[in-house]
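Chain naming here is simple, since letters A, B, ... match the order of the sequence lines and numbering starts at 1 in each.
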Amino acid sequence: MSEPITVLIVEDHQVTLDGLSMGLSREADIKVVGTASDSNTGLNIAKELRPDVILLDLHVPGESGPKSMVQSFVAIPGCRVVIFSGESRMAFIQVVMDLGASGYLLKSESVAKVAETIRQVMSGKRSILSPELVVDKTKLTKSEEEVLRSLARGMKYQDIADVRKTSPATVRKQCELLLLKLGLTSREELIAWAVKKGFGSLESEK
Amino acid sequence: MNWLDKALSKIGLVQPSPEYPQVERRKQARRQSDKPQTKIKSIWEHSLDEIATPRPPIPEKEKPVGLRSPGPTKVWYDLWLKELIRQVGAEETTQKEPVDPDLVSQSTKSMIVTVFDALTTLIAEFNEAAGTASLKVTVTEPHKANNFYRFRISTATWSLTARGQTGKIEFFLLPASELINIYENETSRRLRATTHLNTQTSPSFWSVNGMPLDVHESRVLIRTLFKDLVLRTSGELQASFQSVSPAVDLSGDKMSQILHDLAMEKQNLVQKIVIQQEEVQKRIARDLHDTVISDVLMLKRSLTEQSMDKNKVIDTLDSINEKLREICHDLAPRDLIDWGLQPVIEDLLQKVAEQTGADCSFSCDCQLPELSESVQLHIFRIIQECLNNSVKYAEASRIQVRVDRVPGQLSFIIEDNGKGFSPDEEKEAQSIKEGGFGLGGMHERLDLIRCFYPARLTVESQPGAGTKTSIVLAIG
């Protein structure tokens, strides 16, 4: 059997920390090499031990805000960062993923799910989100539906931007958020999904 | 300060208010001649008698200094008459009944109002006497704040505050700068006078240091307070005049006027801050009361009932948690500090999309420059207000927030394709209690942004043609 996956947990809520630590230690292929309850200690341990995965709570106490904290952790070479947080608002999740986090789990997840995500991240998968965050067709905003319809009809970013009176960059950003929300990885997948869900058909226009 | 002394003397404040020997003598005479003394009258009834009975006119020269000006005297007596008639209620009783606390509160409230009215009359008098070099004051009318009933009378540099609470009224004299933390700064050092409602006898009466506050005592009290305020202010002005560079020509009304106006502006701003603080407190109280408190009561009911639905209780707790979080978030948006302006606007717009089902999009293709926390907050609040209006009034199907940056200029544009409004509608909305479209507040926030960068706010709207609000900052 290969080396176990080394994990550092940075979490200030003691009960959660204990639960994760014990739960993950029971997994045969995962080894918890350190814990920290504030970001500075966490960074120091991470730089020293270079764990494979860092399980990071967004709101641990520290000198800087969540944004710079995530940046610092992501910058450590060889470590993958999986965020573990109560924050469920997509606008902020998108910021965190753009900064380079590999996964984002809501605190309501089970330890088993956490372990599974760690394995997926190690196998190279990126942009993993909690299933709760991943939406199906019914949870999209009106704006997103419009964009999906345009995509399904084969329109390019520039065309969509012209129709919606915004810029191609904005359309691209919206598509990135859609990828995140739907758990997809490329624009082609997005278009395929849109077509599959019937966005391209004339019926979908009310 | 010559003009000040003149004005003070015109309303009889330079000399200490004398005992009024002529008045006392007349009182005695009337008492002995008119009424058969079968029972001991209460203080109030004495005073009532005195006021009600028409007095023979006293030649001007004989009147004591404090009584010479006819204006305030009449107003005084009218006001006090109203108050006294209210006070004198039931027959005198020997047994002590507990006084209804509501009546005590009411009496406190009306006492505050009466004192306030008397003071404002005094100010008008003073300013009339002072002429062109009048004392500029701002007043905050009697209102309820927390558990107190309050008013404030402020010059540019000092403020006389009154706070009343169930049978006790305290008067403080604070430097204007301390108004911001008014509760912390109303200390014993700043306390000028206290008056208590003595409820031991019936009817009850207001007293100072145990001495009943009759008409004359009250005049002395109020005039003394006012005099304190004026003299402190003038002392401060003297000091500020002296501190200005000797190269500047300080003589002349023009300079004194300019300094007055500047000091007044500062005063206005302080007042605004204090008023807004109170507004926020009121809003918190209202939000909490309307949402959380009723839920908590309902929870209590479910838990005390025999058949308790556990799931329902959990759901209600979740909802309370959510609402509390919203209130906290609204008050101090930590998100701005944690994440920056862009994601926060993005999130706000997503919420609007959920609320209205409209097509909402946020466009920001540029790199936002480093803005100070307060500027970010003000921009956020203006955008929030615009979006609130869109949600409440516009009935739009498409709402867009756009950030554009060109060299020298940063713009935030909030646009919807909704109903729009005309200037008349806006005025009408102002009169509705909620503050209408909040355009006044937006401009105030823009003024605050202007402390950092030149900025402009434009609102374009036509009925049927949507609404477009633009905030433009001049940034490199």
- Query: Any luck finding a side-chain donor-acceptor pair between Thr185(A) and Glu189(A) under 3.5 Å?
  - Reply: yes
- Query: Less than 4.0 Å between a side-chain N and a carboxylate O, is that true for Arg450(B) and Asp447(B)?
  - Reply: yes
- Query: Is it the side chain or the backbone of Leu177(A) that comes within 4.5 Å of chain B heavy atoms, both, or neither?
  - Reply: side chain
- Message: With chain B as the partner, which of Ser143(A), Ser68(A), Ala169(A), Ser64(A) has the greatest number of non-hydrogen pairs under 4.5 Å?
- Response: Ser143(A)
- Between the side chain of Gln409(B) and the main-chain N/O of Val406(B), is any donor-acceptor distance below 3.5 Å? no
- Which of the residues Leu58(A), Val147(A), Val96(A), Thr166(A) is involved in the greatest number of heavy-atom pairs with chain B at under 4.5 angstrom? Thr166(A)
- Ser186(A) and Leu179(A): which non-hydrogen atoms are nearest, and at how many Å? O-CD2, 3.3 Å
- Note on the structure: Of all heavy-atom pairs linking Ala101(A) and Val74(A), the shortest is N-CG2, 4.1 Å
- Go through the atoms of Arg164(A) and report whether side chain, backbone, both or neither lie under 4.5 Å from a heavy atom of chain B. both
- Does any heavy atom of chain B fall under 4.5 Å from the side chain of Met69(A), the backbone, both, or neither of them? neither
- Which one, Glu354(B), Glu346(B), Gln350(B), leads in non-hydrogen pairs under 4.5 Å with chain A? Gln350(B)
